[in-house]
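Accompanying notes for the structure given below.
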Amino acid sequence: MAVLPIRPTPFFANKNQAFWNLQLAGWGGATMLRAMSALANGQPADRLVIILIATITGFSISLILAVVYSQLIKQKPLVTWGVTAVVLGGATGVYAFIDSWVLEVAGGANTGNFASLFVGIFFFDLTLLGAWSALYYAINFFLQVEEQADRLERLEAQATSAQLAMLRYQLNPHFLFNTLNSISTLVLLKQTETANAMLTRLSSFLRHTLVTQPGGKVTVAQEVETLKLYLDIERMRFEERLRTDFRIEEEAAKATLPAMLLQPLVENAIKYAVSPQEEGAEVAVMAQVVGPRLRVTVSDTGPGMNAQNVEDGLPAVRPSRARRDSTGVGLTNIRDRLAQAYGEEHRFEIRSPESGGFSVLIELPLESDEEPAALTAAPQSAPQTAASQKPAGPSPVEPLQPPRKAPQTT
């Protein structure tokens, strides 16, 4: 037999309903306690009627107090507590007067002095209404603190989302300027077919990237598909000089990571490895699952970092946190996005051995997408060459590139 899942609802999710539940339970419990005490002491049964009248009176007065307290709780503390004391004293006096009058009329008083009866009942009713008032303020102050904490949490989430969106949107102009510059060069050279093909692929790439949420996550397979769209554009500039190699494990392809995380790394490799070398370079992307973590590596076969760009005493493997003075967008942007999304639960390192080449290693907590990936990863080994994707028409002239600098300044 199927059992429907039970989803408990917070008690104070509906404040109005919670108030009436507490009101009925509290006064009902007080009535039962007084009734049992009266029966245990051998008092007559008509005493229960007097207790019932006293309960109805207290219940009604507490409703009036709730309306007054709901306004006082919004005031300054001095006004709240000062007026509360006055209102509580007046309400207790009314409550005690009605109880004393009912008790005297019913003949249940042990003394004929109304003043003595009133004083005795006053302190009992003061204890009852005082406890009710304390409970009212305690619950409402607790709810206010909870609401403030929830509001603060939402504001922090919104601030984090806004910062992630800002970091992501910094990348689009950086990439667009380079692409539009290349298209402009093609137009000046009257290579209209190549320029049109480049514009078409640029539009596909932008359409693909804009459908994802600014602070959202995608699977590694989807991120690789986005990289392919980007590389299709760059391959029209560099042709066979740009060679790529994707090695994506099947389990890693289903893991999630922040959207548009790898594109600036690949762009960084093209700028500093493919562009300055006549023979070009190979850009490799590898993703694998290592224990409970996802490891992604983006590397190139370029010249690596120059000796003057390596600070004294730093090893070939350098954590990104070792240097904070970068003023660029690429690697600094990614480092900040990872810090926002994962805090200290991530690893971000750059590697540039003396033999040449440059790589960036990222490790994230493994978060798998339960749904099957709509986009599949690239083949494991065979590097892609530009020969099969070479556009029609003469080769475009590559815009002049700046000399090789440290990758942190992209």
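Hydrogens, waters and symmetry mates are skipped; everything else that's a heavy atom, side chains included, is used.
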Is the closest side-chain heavy-atom distance between Leu231 and Ile270 below 4.5 Å? yes
Using a distance-only test with no angle check, is there a side-chain donor-acceptor pair under 3.5 angstrom linking Thr31 and Thr55? yes
Are the side chains of Leu261 and Ile334 in touch, meaning some heavy atoms are under 4.5 Å apart? yes
Looking only at heavy atoms, what is the nearest atom pair of Ala195 and Val187, with distance? CB-CG2, 4.1 Å
Indicate whether any N or O donor in one side chain lies under 3.5 Å from an N or O acceptor in the other, for Gln23 and Trp132. yes
Looking at every heavy atom in both Ser352 and Phe358, which two are closest together, and how far apart are they? CB-CD1, 3.8 Å
Any chance you could measure Tyr230, atom OH, to Glu267, atom CD, to the nearest 0.5 Å? 4.0 Å
Val83 side chain near Gln75 side chain, heavy-atom distance below 4.5 Å: no
Heavy atoms from other residues, nucleotides or ligands near CG of Leu188 exceed 12 (cutoff 6.0 Å): yes
Check whether any side-chain N or O of Thr301 sits under 3.5 Å from a backbone N or O of Ala281 as a donor-acceptor pair, and report yes or no. no
Please lay out, stage by stage, how Thr256 and Val218 fare under the test side-chain contact (heavy atoms from CB on, under 4.5 Å). CA-CA 5 Å; Thr256 59; Val218 297; over 6 Å; no
Rounded to the nearest 0.5 Å, what separation is found between the CD atom of Gln17 and the CG atom of Asn21? 5.0 Å
Using 4.0 Å as the upper bound for N to carboxylate O, is an ion pair formed by Glu282 and Arg243? no
Which heavy atom in Arg241 sits nearest to a heavy atom in Val274, and how many Å separate them? NH2-O, 2.9 Å
Less than 4.0 angstrom from a charged side-chain N to a carboxylate O is my criterion; do Arg351 and Glu349 meet it? yes
Taking atom types as modelled, is there a side-chain donor on Tyr69 or Ser133 under 3.5 Å from an acceptor on the other? yes
Give a yes or no answer on whether the side chain of Arg201 reaches the backbone of Asp232 with a donor-acceptor pair at less than 3.5 Å. yes
Test of ring centre spacing under 6.0 Å for Trp101 and Phe97: no
Is there a donor-acceptor pair under 3.5 Å between the side chain of Tyr95 and the backbone N or O of Ala54? yes
Is the ring pair Trp81/Phe141 parallel, tilted or perpendicular, if the boundaries are 30 and 60 degrees? tilted
Does any non-hydrogen side-chain atom of Val220 lie less than 4.5 Å from one of Lys254? no
Whether the side chain of Glu249 engages the backbone of Val289 through a donor-acceptor N/O pair (distance < 3.5 Å, no angle test) should be reported. yes
Partner of Leu257 under side-chain contact (heavy atoms from CB on, under 4.5 Å), chosen from Lys217, Gln222, Glu223: Glu223
If I compare all heavy atoms of Ile51 with all of Ala38, which pair ends up nearest, and what's the gap? CD1-CB, 4.0 Å
When rounded to the nearest 0.5 angstrom, what distance separates CZ in Arg34 from CD1 in Ile50? 10.0 Å
Distance in Å, Leu242 CG paired with Met236 CE, rounded so as to fall on 0.5 Å steps: 12.5 Å
Nearest 0.5 Å, please: how far is CE in Met32 from OG in Ser37? 12.5 Å
Would you check if Met198 and Leu186 make a side-chain contact, meaning some heavy-atom pair closer than 4.5 Å? yes
Can you tell me if CD on Gln144 sees more than 12 non-hydrogen neighbours from other groups inside 6.0 Å? yes
Could you walk me through whether Phe124 and Asp99 pass side-chain contact (heavy atoms from CB on, under 4.5 Å), step by step? CA-CA 11 Å; Phe124 177 82; Asp99 281 352; 5.9 Å; no
Shortest non-hydrogen separation from Gly89 to Phe122 and the atoms involved: O-CE1, 4.1 Å
Val285 vs Asp245, test: side-chain contact (heavy atoms from CB on, under 4.5 Å). Steps then yes/no. CA-CA 6 Å; Val285 178; Asp245 183 16; over 6 Å; no
Got a donor-acceptor contact below 3.5 angstrom from the Ser60 side chain to the Ile56 backbone? yes
Exercise: identify the closest heavy-atom pair between Tyr342 and Pro365: CD2-CD, 3.6 Å
I want to check something: taking the side chain as every heavy atom from C-beta on, are Ile362 and Leu265 in contact at a cut-off of under 4.5 Å? yes
Got a second to check how far Leu262's CG is from Met260's CE, nearest 0.5 Å? 9.5 Å
Heavy-atom side-chain contact between Ile183 and Leu202 under 4.5 Å: yes
More than 12 heavy atoms from other groups under 6.0 Å of CZ on Phe123: no
Side-chain donor-acceptor pair under 3.5 Å between Ser62 and Tyr136, yes or no? no
Criterion side-chain contact (heavy atoms from CB on, under 4.5 Å) on Leu229 and Ile233, from CA distance to verdict: CA-CA 7 Å; Leu229 292 173; Ile233 299 172; over 6 Å; no
With side chains defined as the heavy atoms from C-beta onward, is the minimum distance between Leu361 and Arg295 less than 4.5 Å? yes
So, the side chain of Thr80 versus the backbone of Leu72: is there a donor-acceptor pair under 3.5 Å, distance only? yes
